[in-house]
Amino acid sequence: RYLSLTSCTSPVDRKLFNKVHALYVSRGNPAFDKRINKRSCVRTIILERISAASLCLYLSKFELLGYLEISNVKCEVLPEAISHCWNLQAIHMIDCNRLANLPQSIGKLKKLRTLVLDGCWKISTLPQSICGCDDLQSLYVKGSKMEDIPQSIWKIEKLRVLWFFANVLEQFASVQHFGKICNLQTITLSYCSLQHVPQCITLLTHLEHLDLEGCRELVELPEGIANLKMLQVLNLYRCNKLRGLPAGCAQLTHLHKLGLFVIGE
């Protein structure tokens, strides 16, 4: 059921893939039989420190793949072949420090629920086609130069978790940007350089978790924060310039964690 290939350069018997459910490949460049059944049992693939050229090989041979993790691979672009994996539900890109772009074909992944970009320093934005991922629920971006996200992302109705360690809060500047994502439950904007949290964030009445940890330039929260009736976590840890808390904080009856209480003047 589980196959691990570490520093492997030998040919792999294609019959193995009649039973294998999870495949782990680290280093090496194993040779695969070209006749591998595309509808094999493989649902999980973890690729670590492989060559960028061999990425396409894995993505084209396992079309029923559900979970894909790629770490420490020196690829500049995720291959367009990823669109062949129509069953993909989770993509984790970890420490791929040369990755600069995701393909437009990512919008064809209708079942994608989770997209993680952790330590992909060169990514500055996401493709407009991201709105085609109708089932996307969690978007996690950490350790990147991303300062812009496409307007199309606000069309994804099922989006519940936005997790950014980057200065993208400007994208929340007007109410219209929220589009259909009023059901967002988690927003993490840790270590951003924002000074004010936009008033329009108080329209997210289903919001349960707002994490502003390490936003050292933050000076105030919106007055309408009392509208966030479901808010359970308001993490203000290390927000050292915060001048005070709005009076509406007293009405957040579901609040479990605050992280910092500022008396103000």
Side-chain angles (χ1 to χ4, degrees), residues 47 52 55-56 59 65-194 198 200-201 204 211:
L47 305 173
L55 261 184
C56 219
L59 297 179
L65 192 62
Y67 175 91
L68 174 65
E69 180 179 313
I70 302 173
S71 64
N72 291 285
V73 175
K74 300 185 184 302
C75 60
E76 296 182 1
V77 180
L78 193 60
E80 292 282 348
I82 198 168
S83 63
H84 300 156
C85 304
W86 55 270
N87 193 49
L88 258 180
Q89 297 167 41
I91 300 175
H92 290 240
M93 303 291 297
I94 302 171
D95 293 330
C96 296
N97 52 29
R98 291 189 182 180
L99 184 69
N101 294 292
L102 297 180
Q104 286 294 334
S105 60
I106 199 169
K108 297 179 180 180
L109 302 179
K110 301 299 182 182
K111 294 188 177 184
L112 189 66
R113 295 182 180 181
T114 302
L115 176 59
V116 174
L117 303 171
D118 188 351
C120 301
W121 301 102
K122 291 190 176 182
I123 288 186
S124 59
T125 188
L126 298 172
Q128 287 287 344
S129 65
I130 194 73
C131 64
C133 302
D134 302 323
D135 278 350
L136 189 64
Q137 298 178 20
S138 300
L139 176 59
Y140 180 101
V141 179
K142 179 182 179 182
S144 79
K145 297 179 180 178
M146 190 174 295
E147 296 187 355
D148 179 54
I149 45 180
Q151 300 293 317
S152 60
I153 201 172
W154 311 119
K155 299 178 182 179
I156 304 176
E157 297 184 35
K158 295 184 179 180
L159 198 60
R160 295 293 180 271
V161 178
L162 273 179
W163 196 300
F164 282 101
F165 283 70
N167 294 321
V168 295
L169 196 67
E170 292 78 7
Q171 302 296 311
F172 293 86
S174 65
V175 176
Q176 65 180 7
H177 285 170
F178 284 102
K180 300 178 181 179
I181 62 167
C182 57
N183 292 321
L184 264 176
Q185 296 175 353
T186 297
I187 295 179
T188 296
L189 294 161
S190 302
Y191 298 94
C192 295
S193 59
L194 68 152
C200 57
I201 209 169
L204 302 175
D211 192 341

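Counting from 1, the numbers follow the sequence of the chain as shown. Given the structure is predicted, the values throughout are model-derived calculations rather than measurements.
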A.B. asks: Indicate the atoms forming the closest heavy-atom contact of Cys131 with Ser152, along with that distance.
C.D. replies: CB-O, 3.2 Å

A.B. asks: Step by step, work out the side-chain contact (heavy atoms from CB on, under 4.5 Å) result for Cys85 and Leu68.
C.D. replies: CA-CA 10 Å; Cys85 304; Leu68 174 65; over 6 Å; no

A.B. asks: Grab the two heavy atoms, one from Cys75 and one from Leu55, that are nearest each other, plus how far apart they are.
C.D. replies: SG-CD1, 3.8 Å

A.B. asks: With a 4.5 Å limit on heavy-atom distance, are the side chains of Tyr67 and Glu69 in contact?
C.D. replies: yes

A.B. asks: Any idea which heavy atoms bring Leu88 and Gly66 closest together, and the distance?
C.D. replies: CD2-O, 3.5 Å

A.B. asks: First locate atom SG of Cys133, then atom NZ of Lys110, and finally report the distance between them rounded to the nearest 0.5 Å.
C.D. replies: 7.5 Å

A.B. asks: For the residue pair Pro150 and Leu126, what are the closest heavy atoms and their distance?
C.D. replies: CG-O, 3.5 Å

A.B. asks: Please report the interatomic distance CG(Leu102) to SG(Cys120), rounded to the nearest 0.5 Å.
C.D. replies: 8.0 Å

A.B. asks: Flag the pair Leu162 / Leu184 as yes when at least one side-chain heavy-atom distance between them is below 4.5 Å, and no otherwise.
C.D. replies: yes

A.B. asks: Can you tell me how far the CH2 atom of Trp86 sits from the CG atom of Leu109, to the nearest 0.5 Å?
C.D. replies: 11.5 Å

A.B. asks: Would you say the side chain of Val141 lies within less than 4.5 Å of the side chain of Leu115, judging by non-hydrogen atoms?
C.D. replies: no

A.B. asks: Which pairs count as side-chain hydrogen bond (donor to acceptor under 3.5 Å, both in side chains) when at least one residue sits in residues 94-104, sequence neighbours excluded?
C.D. replies: Gln104-Ser129

A.B. asks: With sequence neighbours excluded, tell me which residues meet side-chain contact (heavy atoms from CB on, under 4.5 Å) with Ser83.
C.D. replies: Ser105, Lys108

A.B. asks: I'd like to know if Lys158 pairs up with Asp135 as an ion pair, taking the criterion as any Lys NZ or Arg NE/NH1/NH2 lying under 4.0 Å from an Asp or Glu carboxylate oxygen.
C.D. replies: yes

A.B. asks: Could you pull out the closest heavy-atom pair between Leu59 and His84, with the gap in Å?
C.D. replies: O-CB, 4.4 Å

A.B. asks: Are Thr114 and Leu136 close enough that some pair of their side-chain heavy atoms sits under 4.5 Å apart?
C.D. replies: no

A.B. asks: Checking Leu99 against Ile123 for the side-chain contact (heavy atoms from CB on, under 4.5 Å) test, could you report, in this order, the C-alpha distance in whole Å, the side-chain angles of both residues, the deciding distance, and whether it holds?
C.D. replies: CA-CA 6 Å; Leu99 184 69; Ile123 288 186; 3.7 Å; yes

A.B. asks: Are any non-hydrogen side-chain atoms of Ile91 and Leu112 less than 4.5 angstrom apart?
C.D. replies: yes

A.B. asks: Show your working on side-chain contact (heavy atoms from CB on, under 4.5 Å) between Tyr140 and Leu117 and close with a plain yes or no.
C.D. replies: CA-CA 6 Å; Tyr140 180 101; Leu117 303 171; over 6 Å; no

A.B. asks: Verify the neighbour count for atom CZ of Arg160: are there more than 12 heavy atoms of other residues, nucleotides or ligands below 6.0 Å?
C.D. replies: yes

A.B. asks: Could you check if a side-chain atom of Asn87 sits within less than 4.5 angstrom of a side-chain atom of Lys111, using non-hydrogen atoms only?
C.D. replies: yes

A.B. asks: Considering all heavy atoms of both residues, which atom of Ile156 and which atom of Ile130 are nearest to each other, and what is their separation?
C.D. replies: CD1-O, 3.6 Å

A.B. asks: Give, for atom SG of Cys56 and atom CD of Glu80, the distance between the pair rounded to the nearest 0.5 Å.
C.D. replies: 9.5 Å

A.B. asks: Decide yes or no for Asp211 and Ile187: does some side-chain heavy atom of the first lie under 4.5 Å from some side-chain heavy atom of the second?
C.D. replies: no

A.B. asks: Do Met93 and Leu78 have side-chain heavy atoms sitting under 4.5 Å apart?
C.D. replies: yes

A.B. asks: Return yes when atom CD of Gln128 has more than 12 non-hydrogen atoms of other residues, nucleotides or ligands closer than 6.0 Å, and no otherwise.
C.D. replies: yes

